[in-house]
Amino acid sequence: MTSFKPDQAVVQSSEDAAFFGDGDPRIAYNRVWFNLMRVHRNLHPKIAKSLRKEGISDPIWYEILLEVEQAGEAGHLMSALEEKLFVPQYALSRHVARLEAAGYLRRQTIADGRRKQVLFLTEEGTGIHSRIWPIYMNAIQSEIADTMPTDEAYRLARALIRFLP
């Protein structure tokens with residue numbers, strides 16, 4: 001896959017220019033950013049509300065629990081989880097502390113000079129993602145599915161992947 005290079009010619013369709021009324025085509029990137037933020041602020045609380053009813057305080061909890069379960073008996077290093085989920089250390093620590101308090105996770109510190117923390121599921125946390133997933137999926141579907149056809153959703157998902165390293 002070839003990636004876009006900033007020095008390539010910037011092309012703006014007249015349809016897009018007319019829709020947004022932008023004279024400077026670079027504004028398109030600002031629109032992407034602000035719309036991503038607005039979509040997140042609009043959808044996150046709605047989807048989070050449906051998960052809270054099931055004891056999951058934040059949608060990131062689902063991803064944390066799933067990653068730790070997939071790691072198996074070896075557990076999951078918190079530092080690797082930070083990188084995979086793009087969650088800063090302070091935020092991940094806060095979520096993990098809350099997951100521990102809820103009884104879903106336990107952490108173990110490995111004193112190897114760098115104080116690595118490894119996460120493990122508790123008995124209560126094992127399999128919770130399979131109980132939560134239908135609720136999570138339904139919330140996602142109810143908020144997004146009626147806004148675009150499936151092929152457009154795949155195109156958007158593919159386009160968003162470009163933002164990831």
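Counting from 1, the numbers follow the sequence of the chain as shown.
The shortest heavy-atom contact between Pro59 and His44 is CD-NE2, 3.5 Å. Nearest heavy-atom pair, Leu119 versus Val68, reported as atom, atom and distance to 0.1 Å: O-CG1, 3.6 Å. Heavy atoms only, all atoms of each residue included: Met78 and Arg107 are closest at SD-NH1, 3.9 Å. Considering every non-hydrogen atom in both Ala102 and Trp61, the closest pair reads CB-CZ3, 4.4 Å. Closest approach of His76 to Leu81, counting heavy atoms only: CE1-N, 3.6 Å. Smallest separation of non-hydrogen atoms from Gly127 and Ser130: O-OG, 2.6 Å.
The pair Asp58-Arg98 does not count as a salt bridge, with every side-chain nitrogen at least 4.0 angstrom from each carboxylate oxygen.
Side-chain N/O atoms of Glu83 and Ser79 include no donor and acceptor closer than 3.5 Å.
Here Glu143 pairs with nothing under the side-chain hydrogen bond (donor to acceptor under 3.5 Å, both in side chains) rule; sequence neighbours left out. Every residue was checked against the side-chain hydrogen bond (donor to acceptor under 3.5 Å, both in side chains) condition with Glu124, not counting sequence neighbours, and none meets it.
Atom CD1 of Ile60 is separated from atom CG of Leu92 by 8.0 Å, given to the nearest 0.5 angstrom. Remark: Asn35 CG to Asn30 CG distance equals 10.5 Å, nearest 0.5 Å. The NE2 atom of His129 sits 9.0 Å away from the CG atom of Leu65 when rounded to the nearest 0.5 Å. Going from atom CG of Asn42 over to atom NE2 of His40 covers 11.0 Å, rounded to the nearest 0.5 Å. If you take CZ on Arg31 and CZ on Arg38, they are separated by 9.0 Å, rounding to the nearest 0.5 Å. Atoms CD1 and CD1, on Ile135 and Ile56 in that order, are 9.0 Å from each other to the nearest 0.5 Å.
Here the side chain of Thr122 pairs a donor or acceptor atom with the backbone of Tyr104 at under 3.5 angstrom.
More than 12 heavy atoms of other residues, nucleotides or ligands sit less than 6.0 Å from atom CE of Met37. The environment of OH in Tyr154 is sparse: at most 12 heavy-atom neighbours from other residues, nucleotides or ligands sit within 6.0 Å.
A single hydrophobic cluster is not seen to contain both Val32 and Phe20; linkage of ILVMFWY side chains at heavy-atom distances under 4.5 Å, directly or through other members, places them apart. In the hydrophobic clustering of ILVMFWY residues, with side-chain heavy atoms under 4.5 Å counting as a link, Ile161 and Leu156 come out apart. Both Trp133 and Leu43 belong to a common hydrophobic cluster when Ile, Leu, Val, Met, Phe, Trp and Tyr are linked at side-chain heavy-atom distances under 4.5 angstrom. Leu160 and Phe86 fall into different hydrophobic clusters, defined by Ile, Leu, Val, Met, Phe, Trp and Tyr side-chain heavy atoms under 4.5 Å apart, directly or through other members. In terms of hydrophobic clustering, with Ile, Leu, Val, Met, Phe, Trp and Tyr side chains grouped at heavy-atom distances under 4.5 Å, Leu66 and Ile47 are assigned to a common cluster.
Proximity of Val39 to Leu36: side-chain heavy atoms (C-beta onward) are nowhere separated by under 4.5 Å. The shortest side-chain heavy-atom distance between Ile128 and Leu121 does not fall under the 4.5 Å cut-off. Between Glu67 and Gln70 there is a side-chain heavy-atom pair separated by less than 4.5 Å. Put simply, the side chain of Leu105 reaches to within 4.5 Å of the side chain of Ile64, judged on heavy atoms.
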> Where do Gln117 and Thr109 land on the side-chain contact (heavy atoms from CB on, under 4.5 Å) test, with the steps shown first?
Replying inline: CA-CA 4 Å; Gln117 292 188 3; Thr109 301; 3.9 Å; yes
